[in-house]
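Single-structure report; data block below.
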Number of protein chains: 2
Amino acid sequence: MLTSERKALIQQVLRQEGRLVAKDFSQKLGVSEDTIRRDLRELAGEGLLQRVHGGALPASSAVADFASREQVGSSVKAKLGQAAARMIQPGQIVFLDGGTTNVQLARHLPSDLKAVVITHSPSIAVELVRHPHVEVELIGGRLFKHSIVAVGATSAEAISRIRADLFFMGATGVHPETGVTTGDREEAAIKALIARQSAETIVLATEEKLGAASPYQIMPLSDIGTLVTVAGLPEETLRSFRSSGLALVEV
Amino acid sequence: MLTSERKALIQQVLRQEGRLVAKDFSQKLGVSEDTIRRDLRELAGEGLLQRVHGGALPASSAVADFASREQVGSSVKAKLGQAAARMIQPGQIVFLDGGTTNVQLARHLPSDLKAVVITHSPSIAVELVRHPHVEVELIGGRLFKHSIVAVGATSAEAISRIRADLFFMGATGVHPETGVTTGDREEAAIKALIARQSAETIVLATEEKLGAASPYQIMPLSDIGTLVTVAGLPEETLRSFRSSGLALVEV
DNA sequence: TAGTTTCGTGCAATATCGTGCAGAGTCAAG
DNA sequence: CTTGACTCTGCACGATATTGCACGAAACTA
């Protein structure tokens, strides 16, 4: 194990898990704690992470991320993302929608996965720069700032020329009757278009989105292939979704 | 075993395994460690891999790379960015290249500025989400991870349909004779194309880039409108640039 | 406050690095 | 064919980097 490899690994662990315990990590790698502590100190010196007693946390920007994750419970999103990342087969062409849940998905893609990821979200694109084997295809267009995705005719035209195996869609509402919905008309249109160009559409939904509805429908529930959500939801909520013929994955 | 064969093999191993240990590799090939180390040094000099203690890693996992670039002289870059931001008139259509200096530019755009910013860099796009009055047009394409910009035919086609007033270009080398250069052929082609579609091209160059040259020429010096650099450089360095007929702005 | 864990530093052992140098091979001019 | 310039390679050696251990200081926990 090369020193720089170890340091890269440390940063990867921090990105994916949000924290690192010096003792545990040294045992996992079979090196002394001193070595890990030294690495942490040096990385902290470069501003690449935040040193804390017992280990390390992600650096500044991600710190807020982690803090808010703890509060808002968006570690749920990390779990959803992790589960979704495992659904991707090597060599597949995957369309990743924008949104924080999909950022988590990107962050948890196995580092040895070879695949093509298409996205109209610059945030996702930046996140995927770190993945050595994932080829990224960026969809251009006018940037819709609220969701940080490209929309408009240019995007639509680029999307219409692409066929993907999977589409991981973000949405603000998933409701048995109104279907999958979002808060912007243009965004809804783009999402619908991407879904049409993809063999399977997968929706990742946290608890508060299930049963919620936003102004603009993207597609009816029946057009979704798989709905990924957290485990432990009331059976009553789930029943109405099950009857729509979609695969329900509980994490 | 020819030297060039060995070097090709080194790069292949790096692509396939993601790392190379000098000692092991020398034994495997039956040559001395010195020879391997020499190869690694030379390849690293050409930017084809990243030299680390004990061996080598692929050129740009871009991870620590970009992060560390962000660190290097970022206060200087911030000053350059600030000065460049003031060159933009309200209502103009501005093309922002990728790179850390341009990120600084984006960060320092006056918050009341109304303008259209076109970019093929997702990093820049994300940065501009914060600006309330700047409309962002994202250029899509295949993501070139080292520089974090979209390149390729798709990008070229999108760019060719756009006319901009200003183009803030990034480059790794600005030299009186070799002109403006960068380290990737495709990136150089894209930059040249953007410049052709723009009324004026402005280059932001930190001290270490002046007088430096990279493998691929984007354009001769004479095609640049304005060169923005830090103040206090030796007159000797500046003279050769002044004679090219470009406007020199010292910050 | 007392006990335990973690931290930082100094130190020694080991591994790796860079450089200078010499021998072997190649090639072209004489 | 010889000679000289050049390149590639391996070796020697001093310099530098990395690692684990020891030990006192600091931080955390009950």
Side-chain angles (χ1 to χ4, degrees), chain A residues 1-60 62-63 66-67 69-71 75, chain B residues 1-61 63-65 67-69 71-72 208 212 215:
Chain A
M1 162 86 38
L2 301 171
T3 308
S4 35
E5 276 186 294
R6 208 177 43 234
K7 287 188 181 177
L9 193 59
I10 287 173
Q11 292 179 267
Q12 190 187 333
V13 166
L14 279 176
R15 274 195 303 276
Q16 293 194 351
E17 299 178 20
R19 67 189 213 118
L20 184 145
V21 178
K23 187 175 182 178
D24 299 350
F25 196 70
S26 69
Q27 287 175 356
K28 190 170 159 192
L29 259 56
V31 296
S32 74
E33 289 181 45
D34 301 72
T35 302
I36 299 301
R37 275 205 294 271
R38 236 182 300 248
D39 291 343
L40 295 182
R41 232 174 308 169
E42 287 167 12
L43 289 170
E46 296 170 41
L48 268 20
L49 54 78
Q50 188 194 342
R51 189 79 174 84
V52 296
H53 199 89
L57 295 174
S60 54
V63 170
F66 183 70
R69 199 189 307 173
E70 289 292 280
Q71 292 168 7
S75 73
Chain B
M1 159 97 19
L2 267 36
T3 306
S4 44
E5 278 184 292
R6 210 175 41 235
K7 286 189 181 177
L9 194 57
I10 287 173
Q11 291 180 267
Q12 190 188 333
V13 167
L14 279 177
R15 272 196 302 274
Q16 289 181 353
E17 301 180 22
R19 66 180 219 133
L20 184 146
V21 178
K23 187 176 182 178
D24 300 350
F25 196 71
S26 70
Q27 287 175 357
K28 190 171 160 192
L29 259 56
V31 297
S32 74
E33 290 181 43
D34 301 72
T35 303
I36 299 302
R37 275 206 295 271
R38 237 181 298 249
D39 292 342
L40 295 182
R41 254 195 312 252
E42 288 166 14
L43 289 170
E46 298 171 41
L48 268 18
L49 54 78
Q50 187 193 345
R51 189 79 173 83
V52 297
H53 197 90
L57 296 174
S60 77
S61 46
V63 189
D65 197 10
S68 64
R69 258 189 283 168
Q71 302 274 321
V72 173
E208 83 274 9

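The sequence lines fix the lettering, A, B, ..., with proteins before strands; numbering per chain opens at 1.
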Does a nitrogen or oxygen in the side chain of Arg38(A) sit under 4.0 Å from OP1 or OP2 of dT9(C)? no
For the pair made of CD in Glu42(A) and C1' in dT9(C), what is the distance, rounded to whole Å? 14 Å
Quick one: closest heavy-atom pair of Leu14(B) and Ala56(B), and the distance? CD2-O, 3.5 Å
For a side-chain contact (heavy atoms from CB on, under 4.5 Å) check, start with the C-alpha distance between Glu33(A) and Ile36(A), then their side-chain angles and the critical distance, and finish with the verdict. CA-CA 5 Å; Glu33(A) 289 181 45; Ile36(A) 299 301; 5.6 Å; no
Reported CG-to-CG distance for the pair Leu49(B) and Asp39(B), which is rounded to 0.5 angstrom: 9.5 Å
Quick check: on DNA chain D, is the nucleotide nearest Val31(B) upstream (toward 5') of the one nearest Glu33(A), or the reverse? Name the residue that is more 5'. Val31(B)
So which atom in Leu48(A) and which in Gln11(A) form the shortest heavy-atom distance, rounded to 0.1 Å? CG-NE2, 3.4 Å
Should Met1(A) and Val31(A) count as side-chain neighbours, where that means a heavy-atom distance under 4.5 Å? no
Select base, sugar-phosphate, or nothing to describe what Val21(A) touches, counting heavy atoms under 4.0 Å on all strands. nothing
Please name the pair of heavy atoms, one in Leu2(A) and one in Val52(B), separated by the smallest distance, quoted to 0.1 Å. CD1-CG2, 4.0 Å
Rounded distance in Å - NZ (Lys23(A)) to P (dT4(C)): 13 Å
Find which nucleotide of DNA chain D each of Asp34(A) and His53(A) is nearest to by heavy atoms, and output the residue with the more 5' nucleotide. Asp34(A)
Taking the nucleotide of DNA chain C with the closest heavy atom to each, which residue, Arg41(B) or Gly54(A), is nearer the 5' end? Gly54(A)
Outer limits of DNA chain D sitting under 4.0 Å from a non-hydrogen atom of chain A, read 5' to 3', are dT18(D) to dC28(D)
